[in-house]
Amino acid sequence: MFMLTNMQAAVTWTVGSYVGTGSNLTISSLAFQPDVVMIKSAAATSMYVKTSTMPANTSKQYTSTGSGVTDAILTFTSNGFTLGTNAAINTSSVTYYFYAFQAGNSIKVNSYTGDGTATRTITTSSANINFVMVIPRSGYGGSVSFTNTKTRSGVAGGEAGGYAYDSRPSSSVQVAEAQPSSPAWSSSTGFPTQNNAPYTNRNTIVYDYVGFVETAGECEIDSFIGDGTDNRDITVTNFKSNFVMTLNTGGGGELVIKGGNVTGGNSQYVNAVSNATNLIQSTSIVSGTGYFQVGNSSDVNGSGYRQYFVAFGGAAGGVLPIELLHFDAERV
């Protein structure tokens, strides 16, 4: 078995899969040391996330209101990551799908401590972050903040911004709630937080975040208005996507992910829902360059609702593992 990745440019992200063993496991097929790894099986279990800013041997179940766990995604290595025996990410003979990213032009990874103020902007580098996942270390579930500065299909961009979250504090859990009009997104070098639902600035709580940045040829962040039609192609500029994440700003607020590692028409919810069809149906349309396809599910293409998306492609990623059967070489 050969592990083959596209080496036209520095590899900074990839998607792949592995089969659990039930004992400590090392995944060593990456061409880089990741700063973010997200893992989910096809079953009704929610996604686990680890960032390089989280404590050693600690990862977080995205929808959990509890603290991080120390038996799931353990460490990052120079070419992969190590896993503990947590059944949600390492049950014997079960297939798991992973999404790995290295911090750089398209990904910003860091942490901050909440100060309890009503609203607060977390300043980052000069990068214009349009989509950010915020993962509290305790007491709250993960959330997403998003904005849009573009125009697509005649619909003006530049909304004030919004958020969606998978769980409130444990005393009042609401799964997949979306608020597309608040908080206001006023900074091009940061993202907004607040001491209210989705509780991204509670006093003394430590938050880790993954910010997605649009980068020509690798990452595109945009939105479209759902029309409820099946087999709908969504344009991505300049590259074929191999990883797509969509966020519905309707009542469901579902975060859905599909990479080239998830075969067929299936894609994955980040919460505790099994793989499903009729969501993100394809990440790279064979008949054209620069498209992904969605079904008519209201979670990805709800009529009249704005759907945000993050797409990765180009020469900076690939699918692992790949078995090399044949190749041709030509002297230039």
Side-chain angles (χ1 to χ4, degrees), residues 13 15-17 38-49 61-63 88 95-99 131 133 141-144 146 148 152-153 162-167 175-178 180 212 219-236 240-288 290-313 317 319:
W13 68 275
V15 301
S17 63
M38 301 182 287
I39 297 175
K40 190 182 188 303
S41 74
T45 56
S46 59
M47 180 171 287
Y48 276 73
V49 182
Q61 184 182 11
Y62 183 80
T63 59
T95 298
Y96 297 89
Y97 304 93
F98 69 82
Y99 310 87
F131 194 105
M133 301 173 68
S143 63
V144 170
F146 51 85
N148 186 42
R152 174 178 285 274
S153 301
Y163 58 80
Y165 52 95
D166 279 291
S167 50
V175 174
E177 181 71 18
F212 294 86
C219 177
E220 180 165 338
I221 301 169
D222 207 339
S223 68
F224 61 94
I225 301 299
D227 63 11
T229 62
D230 200 7
N231 302 324
R232 181 183 178 188
D233 293 349
I234 306 300
T235 304
V236 178
K240 292 180 88 171
S241 56
N242 197 49
F243 168 88
V244 176
M245 176 163 52
T246 63
L247 177 70
N248 171 32
T249 63
E254 296 285 2
L255 193 61
V256 178
I257 291 177
K258 181 176 177 65
N261 52 340
V262 182
T263 59
N266 287 295
S267 51
Q268 298 193 292
Y269 291 93
V270 300
N271 56 11
V273 179
S274 300
N275 283 11
T277 58
N278 207 36
L279 298 166
I280 307 171
Q281 298 178 155
S282 174
T283 58
S284 186
I285 305 304
V286 175
S287 60
Y291 295 89
F292 65 92
Q293 188 181 89
V294 295
N296 59 9
S297 168
S298 60
D299 289 334
V300 297
N301 192 20
S303 182
Y305 289 119
R306 184 173 291 276
Q307 318 282 329
Y308 286 82
F309 71 82
V310 176
F312 273 80
V319 183

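Annotation: side chain of Lys40 is not in contact with side chain of Tyr62 (no heavy-atom distance under 4.5 Å). Counting heavy atoms from C-beta on, the side chains of Thr283 and Lys258 come closer than 4.5 Å. The side-chain heavy atoms of Asn261 and Tyr99, taken from C-beta on, include a pair separated by under 4.5 Å. Counting only heavy atoms from C-beta outward, the side chains of Leu279 and Tyr269 approach each other to under 4.5 Å. Side chains of Met133 and Phe212 form a contact here, defined as non-hydrogen atoms less than 4.5 Å apart. Inter-residue side-chain proximity for Ile257 and Tyr97 is flagged as unmet; no heavy-atom pair is nearer than 4.5 Å. Looking only at side-chain heavy atoms (C-beta outward), Ser267 and Val262 stay at 4.5 Å or farther from each other.
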From CA spacing to verdict: side chain to side chain contact (heavy atoms under 4.5 Å, CB included), Met245, Leu255: CA-CA 7 Å; Met245 176 163 52; Leu255 193 61; 3.6 Å; yes

ring-ring contact (aromatic ring centres under 6.0 Å, His included) assessment of Tyr308 paired with Phe131: CA-CA 9 Å; Tyr308 286 82; Phe131 194 105; 7.4 Å; no

Trace of the side chain to side chain contact (heavy atoms under 4.5 Å, CB included) decision for Phe224 with Thr235: CA-CA 10 Å; Phe224 61 94; Thr235 304; over 6 Å; no

Audit row: Gln307, Thr246, side chain to side chain contact (heavy atoms under 4.5 Å, CB included) steps and yes/no: CA-CA 7 Å; Gln307 318 282 329; Thr246 63; 5.6 Å; no

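Here the straight-line distance linking atom CZ of Phe309 with atom CG of Leu247 works out to 12.5 Å at 0.5 Å rounding. Taking CZ of Phe292 as the start and CD of Glu220 as the end, the distance is 8.5 Å to the nearest 0.5 Å.
In this structure, the ring-ring contact (aromatic ring centres under 6.0 Å, His included) partners of Tyr96, at least two apart in sequence or on a different chain, are Tyr18. Under the side-chain hydrogen bond (donor to acceptor under 3.5 Å, both in side chains) criterion, Gln61 pairs with Ser46, not counting sequence neighbours. For Thr277, the side-chain contact (heavy atoms from CB on, under 4.5 Å) partners at least two apart in sequence or on another chain are Asn266. Applying the side-chain contact (heavy atoms from CB on, under 4.5 Å) test to Asn278 and every residue at least two apart in sequence or in another chain returns Asp230, Gln281, Asn296, Ser297. In this view, Ala43 and Ser41 satisfy the side-chain contact (heavy atoms from CB on, under 4.5 Å) rule, not counting sequence neighbours. Considering only residues two or more places apart in sequence or on other chains, Tyr48 meets the ring-ring contact (aromatic ring centres under 6.0 Å, His included) condition with none of them. Listed by chain and residue number, Asp227 satisfy the side-chain hydrogen bond (donor to acceptor under 3.5 Å, both in side chains) test with Thr229 (two or more places apart in sequence, or in another chain).
Exactly one residue among Asn271, Val294, Ile280 makes a side-chain contact (heavy atoms from CB on, under 4.5 Å) with Val256. That residue is Ile280.
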